[in-house]
There are 2 protein chains.
Amino acid sequence: MASKWRVRAPVFAALGDETRLSLVAKLCGGRPHSISQLAEGSKLTRQAITKHLRVLESVGIVHSVRAGRESRFEFDPEPMEGIKEYLDFVSEKWDQALSRLVSFVEI
Amino acid sequence: MASKWRVRAPVFAALGDETRLSLVAKLCGGRPHSISQLAEGSKLTRQAITKHLRVLESVGIVHSVRAGRESRFEFDPEPMEGIKEYLDFVSEKWDQALSRLVSFVEI
DNA sequence: CTAATTTGCAACCTGGAGGTTGCTTAAGAT
DNA sequence: ATCTTAAGCAACCTCCAGGTTGCAAATTAG
């Protein structure tokens with residue numbers, strides 16, 4: 001059970017960056033975006049954005065589809081559903097701890 | 001709205017490590033643990049564990065209470081509720097994108 | 001008082017994250 | 001055929017995360 005969500009760490013790590021959070025926020029709208037499009041508003045270089053996209057891709061949050069001379073990135077929901085499992089596990093365990101505390105005080 | 005969850009990145013980053021994930025999983029049970037207790041089963045040094053705890057503390061997932069010669073760490077739920085907001089935002093936006101796609105196909 | 005336990009502090013090392021620049025290759029546009 | 005745009009590749013740099021070791025300080029136990 002411990003090793004179950006140990007594998008989630010890289011997904012959390014992939015989301016542990018402002019730039020990547022905003023990339024995901026853009027891509028989860030459903031419309032695929034090319035690298036240049038995604039780099040457009042940013043202060044960072046296109047290459048920097050590319051690297052961030054590869055990080056997201058390496059944990060499955062995103063995948064790329066080559067279309068002509070541009071490669072379009074699309075969102076993939078599964079990994080983020082995965083880390084919700086961890087968060088729910090923690091919340092549930094915490095809630096149980098709280099209710100144990102309450103019933104102890106009430107006795 | 002973009003800057004709203006930009007501040008969540010450090011919380012994700014703090015969870016982006018196997019060791020810290022298991023520390024949180026232990027502490028969310030409600031019982032405070034000293035550093036030595038938390039380092040007990042691990043292959044890592046006590047100092048390594050301490051550093052990880054400080055990372056979690058720096059984003060508010062955990063806080064320490066000095067009790068005699070030992071400092072006990074306790075779980076704090078707020079930051080993790082915070083990142084759920086981001087995940088829910090993404091899920092919702094994605095679901096809307098999907099339903100738009102479905103209604104487009106159906107027409 | 002002395003010995004053992006729990007932390008804290010500081011220095012140090014290594015690898016990789018995040019970013020840049022420069023150049024090449026592929027694909028559309030004219 | 002040429003120009004332009006999109007992306008890939010590779011080298012490089014800097015800085016910090018993650019880990020270690022060694023020692024000092026505080027607290028508790030005997």
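Order of the sequence lines fixes the chain letters, A, B, ..., with proteins taken first and strands second; residue numbering starts at 1 for each chain.
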Has [X] got a side-chain N or O lying under 4.0 Å from the OP1 or OP2 atom of [N]?
| X | N | value |
| --- | --- | --- |
| B:Arg69 | C:dA4 | no |
| A:Thr19 | C:dG18 | no |
| A:Thr45 | C:dT20 | yes |
| B:His52 | D:dA17 | no |
| A:Thr50 | D:dA7 | no |
| B:Arg66 | C:dG8 | yes |

If you look at every strand shown and take non-hydrogen atoms under 4.0 Å, does A:Arg54 touch a base, only sugar-phosphate, or nothing?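 A:Arg54: backbone/sugar contact only, no base atoms under 4.0 Å.
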For B:Arg46, report the nucleic acid contact type (base, sugar-phosphate, nothing); a contact means any heavy atom under 4.0 Å.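 Base contact.
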Could you report the tightest heavy-atom contact between A:Ala25 and B:Trp5, atom names first, then the distance?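 Here A:Ala25 and B:Trp5 meet closest at CB-CH2, 3.5 Å.
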Non-hydrogen atoms of A:Ala14 and A:Val59 that approach each other most closely: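 The pair with the smallest heavy-atom distance is CB-CG2, 3.7 Å.
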Check this for me: does the side-chain of B:Gln47 come within 3.5 Å of the base of D:dG22 through a donor and an acceptor? yes
Between A:Ser71 and A:Lys51, whichever has its closest DNA chain D nucleotide further toward 5' is A:Ser71
May I have the list of side-chain donor-acceptor pairs in residues 71-83 of chain A shorter than 3.5 Å, sequence neighbours left out?
unit_1: A:Arg72; atom_1: NE; unit_2: A:Glu70; atom_2: OE2; d: 3.2
unit_1: A:Arg72; atom_1: NH2; unit_2: A:Glu70; atom_2: OE2; d: 2.9
unit_1: A:Glu74; atom_1: OE1; unit_2: A:His63; atom_2: NE2; d: 3.2
unit_1: A:Asp76; atom_1: OD2; unit_2: A:His63; atom_2: ND1; d: 2.5
unit_1: A:Glu81; atom_1: OE2; unit_2: B:Ser91; atom_2: OG; d: 3.4

Using a strict 4.0 Å threshold on nitrogen-to-oxygen distance, state whether B:Lys84 and A:Asp88 make a salt bridge.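 Yes, this pair counts.
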How bent is the helix from C:dC1-D:dG30 to C:dT30-D:dA1, comparing axes over its five end pairs at each side, to the nearest 10°? 30°
